[in-house]
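The structure under discussion appears below in the form of C-alpha cells.
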2 protein chains.
Amino acid sequence: MANALPTPKILLVDDDPDIIELLEYNLNKEGFETASANDGIQALEVAKDFKPDLILLDVMMPRQDGIETARQIRQNSDFKDTYILFLTARAEEYTEVAAFDVGADDYIVKPIKPRALVSRIKAILRRDTQQIESDSLIEIGILTINRTNYSVINNGNPLVMPKKEFELLYFLAKHPNKVFNRDELLEKVWGVDVYVVERTVDVHIRKLREKIPEHYIKTLKGVGYMFSIEE
Amino acid sequence: MANALPTPKILLVDDDPDIIELLEYNLNKEGFETASANDGIQALEVAKDFKPDLILLDVMMPRQDGIETARQIRQNSDFKDTYILFLTARAEEYTEVAAFDVGADDYIVKPIKPRALVSRIKAILRRDTQQIESDSLIEIGILTINRTNYSVINNGNPLVMPKKEFELLYFLAKHPNKVFNRDELLEKVWGVDVYVVERTVDVHIRKLREKIPEHYIKTLKGVGYMFSIEE
DNA sequence: CCTCAATGTTACGGAATTGTTAAATATAAA
DNA sequence: TTTATATTTAACAATTCCGTAACATTGAGG
C-alpha cells in the first residue's frame, strides 16, 4: 500500500478453495491482509477475531448462504462499518433486493477478473479514507502543511519533500507540543508492520530541519522529538 | 439519435466532393440528416429549402468564401438559430475575429477527424437543451483546455491529442494542486469498470509531458501525479 | 571539566518507484 | 479488406528515496 495507513483487512468467504486461493493471491499482492472461511457459519467466527474492513461473501454456500450470513454480520454492531460485497455466479442469480436489504455494499459477478476485483475493492475502501483526509490542512507558525497536495509552504515559498519526510512532519505538526519517542513515531508514521532501526527517525528529522525553521522540531534528550513553534 | 427530437439537419458546404462524402458518410452514420453545397452561393439556396440546424462551412471556396457566406446567412432571420461552424485547413489560416464577427459558433481544423467532428457537432447541438457547462473551459497557465470541442491551446498554438490523453489532462487541470494516485486517476478518467494496469497512467503522463510544458505535471514519488503551474 | 550515552551528521548501497521505449492489441478510418 | 491511429502492456533504464552504519558532536550528571 502506498501510505502509512493500516493495511486493509479482507475476509474471503467461499466454499471453493480454488476461488479463495485466487483471491488471496491477488489481494495479498496488492498489499491487503486476508483471512478466509469456507461457509457462512465459519465466516462469522473468523470475522470476530479478524475484524475485517471488507467481507467478500459468496452467495451460494453450503450450511448457510451469503444473504443470511450478511444479515447476521450486520446485526453485530462491531461490523457496522464493515463493507460487504457479494460474489455471485451470474447476475440473474443475484436477488438484488434481498442483498441490499441486508446491507450489501456491492456485488461482483463470477467469473472473477482479479484486476477488476482489486480495482473495485480499492475504490470502495478509498471512499472512507478520503473523508478522513479531507480535513488535512495545518497552519502552524510560518508553515502551511497541506495533505491534499503534499505541499509545505514555508513563509510563502513552497517546499518539496519526499513522502516519508512529509508524513513525519505532518504527524508532528498535527500534534504540536507533544513529545514522541522513536518507537511511537515509527508506529504512527512508518506503520505497525514496518521494521526499521530506530535511528532512521533521526535521519529524517535531520532532513526536515534543513527545510523548515530548525527550532520547530525540538529534541528532548532521552525522551523524543516534539514539534513546537516556540523559540 | 437516441431521443425523440427531430433528426438534426446539417448542411455541408465545401468545394471538395471527397470532403463532402466523408462528412456525409460519418454524419449519416450518426443519424444526422445532411445536405450539401459546393460553394457559398449554392449554400444559400440550399439552406432556404433545407433549413439546417447547423452549417459546416469551408472557409476557402470558389465564387464566395465562407466568411462572406456566413454573413449573408446571418442576415436572414430564418437562420438566427442556426449554428455555423467553419472548416479551415490550418489554424493560422483562420481569422478568428472575422469569423466570430459574422456569427460563427465554432471552427474545425482540417484534416478532419470524423470522430472528433461528430463529437463536436453533438456537443454544439446539445447546447439547445443543456446549459453549457460553465467549467468545460479551463484556462490555466499558458493552457486553454476546452472540453466542448476537445481542444487544447498551448501558448496560442492548438494541440491535437487523443481522447484518453485529453481526458487525463482535463481531469488533472480541473483539480490543480491536488495529488491523485494511479488508482484514482484510473477511476476518474478511465472509469470504474475499466481495468487496465496502473502503469498505463505513466505512459499517458509521459505523452502529455511531450506536448505541454513539462513541469505542469508533477510526480510525487510514492504519492501520485499533480497538475500545478508552479515551476 | 570529564565522561559517555544520546543525538547529530554524512555518505553509500539497495530497494522501490517512476521514466521511457517498443512491441502487441484494440479501435477506427480509408 | 488494408492502413493508420490509439491504447495497453511489458521490459528495461534511470532516478529517487530510504535505511543503515560509521563517525562526530552534544550536553547532563557527576
Side-chain angles (χ1 to χ4, degrees), chain A residues 1-4 29-31 113-116 119 150 160-169 179-183 185-186 189-191 194-211 214-215 217-226, chain B residues 16-30 110-119 150 159-169 179-183 185-186 189-191 194-211 214-215 217-226:
Chain A
M1 298 260 89
N3 56 29
K29 200 174 62 178
E30 294 292 329
K113 299 184 178 179
R115 277 214 308 255
S119 166
Y150 270 70
V160 289
M161 51 178 73
K163 188 182 168 195
K164 274 272 150 49
E165 276 173 55
F166 179 91
E167 299 284 4
L168 178 59
L169 174 61
V179 192
F180 297 95
N181 64 33
R182 293 185 181 77
D183 270 339
L185 291 174
L186 284 177
V189 177
W190 273 253
V194 176
Y195 306 105
V196 297
V197 298
E198 283 195 348
R199 304 237 18 230
T200 299
V201 175
D202 301 33
V203 178
H204 285 268
I205 292 285
R206 157 94 180 89
K207 286 177 179 166
L208 281 178
R209 283 174 172 158
E210 284 176 350
K211 293 172 185 172
E214 196 156 338
H215 68 272
I217 299 177
K218 280 150 191 83
T219 302
L220 300 173
K221 204 161 177 168
V223 186
Y225 296 103
M226 174 176 83
Chain B
D16 181 345
D18 290 335
I19 298 274
I20 295 283
E21 195 186 349
L22 169 70
L23 294 175
E24 282 199 316
Y25 172 79
N26 283 285
L27 291 168
N28 292 339
K29 199 174 63 177
E30 291 294 326
K110 294 181 189 177
I112 293 158
K113 300 190 173 182
R115 249 192 319 169
L117 175 74
V118 168
S119 161
Y150 275 68
L159 295 173
V160 290
M161 50 178 73
K163 185 172 171 226
K164 276 271 151 51
E165 272 173 58
F166 179 90
E167 298 285 2
L168 179 58
L169 174 62
V179 195
F180 298 95
N181 64 32
R182 294 184 181 79
D183 273 336
L185 291 173
L186 285 176
V189 177
W190 274 253
V194 176
Y195 308 106
V196 297
V197 298
E198 283 193 352
R199 303 233 25 223
T200 301
V201 175
D202 301 33
V203 178
H204 286 266
I205 292 284
R206 157 103 175 80
K207 287 177 179 165
L208 280 178
R209 296 214 262 229
E210 283 176 350
K211 295 173 185 171
E214 194 157 338
H215 68 271
I217 299 177
K218 280 153 193 77
T219 301
L220 301 177
K221 204 161 181 167
V223 186
Y225 295 103
M226 175 174 82

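Hydrogens, waters and symmetry mates play no part in the numbers below; they use all other heavy atoms, side chains included. A note on names: the letters A, B, ... follow the listed sequences, proteins ahead of strands, and every chain is numbered from 1. The model shown is predicted, which means the values in this text are computed figures rather than measured ones.
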For D/dC18, does either OP1 or OP2 sit under 4.0 Å from a side-chain N or O belonging to A/W190? no

Grab the N/O contacts between the protein and nucleotides 20-24 of chain D below 3.5 Å, and write none if there aren't any.
| residue | atom | partner | partner atom | Å |
| --- | --- | --- | --- | --- |
| D/dT20 | OP2 | A/V197 | N | 2.5 |
| D/dT20 | OP2 | A/T200 | OG1 | 3.1 |

Gap between atoms CG and C1', on B/L27 and C/dA29 respectively (whole Å): 15 Å

Report the residues that fulfil salt bridge (charged side-chain N to carboxylate O under 4.0 Å, His left out) with B/R209, sequence neighbours left out, ordered by chain and then residue number. none

Going by modelled atom types, is there a donor-acceptor pair between the base of D/dT15 and the side chain of B/K221 at under 3.5 Å? yes

Taken in chain and number order and not counting sequence neighbours, the residues that satisfy side-chain hydrogen bond (donor to acceptor under 3.5 Å, both in side chains) with B/N28 are B/T34

Name the nucleic acid region contacted by A/F166, choosing base, sugar-phosphate or nothing; use a 4.0 angstrom heavy-atom cut-off, strictly under. nothing

Those residues that, when tested against B/K221, pass side-chain contact (heavy atoms from CB on, under 4.5 Å) (two or more places apart): none

So, using side-chain contact (heavy atoms from CB on, under 4.5 Å) as the criterion, who are the partners of B/V196 when residues are at least two apart? B/L186, B/W190, B/V194, B/T200

Comparing A/G222 and A/E210 on DNA chain C - which has the more 5′ nearest nucleotide: A/G222

If the cut-off is 4.0 Å, is A/T219 near the phosphate of C/dA6, judged by side-chain N/O to OP1 or OP2? no

Rounded interatomic separation in angstrom, taking CD from A/E165 and P from D/dT16: 14 Å

Once you round it to whole Å, what is the distance between C1' of D/dT8 and CG of B/L186? 11 Å

Atom CZ of B/R206 and atom C1' of D/dT9 are separated, to the nearest Å, by 16 Å

Between the axis at one end of the helix from C/dC1-D/dG30 to C/dA30-D/dT1 and the axis at the other (five pairs apiece), what's the angle to 10 degrees? 30°

Taken to the nearest whole Å, CG/A/L220 to C1'/C/dG8 is 15 Å

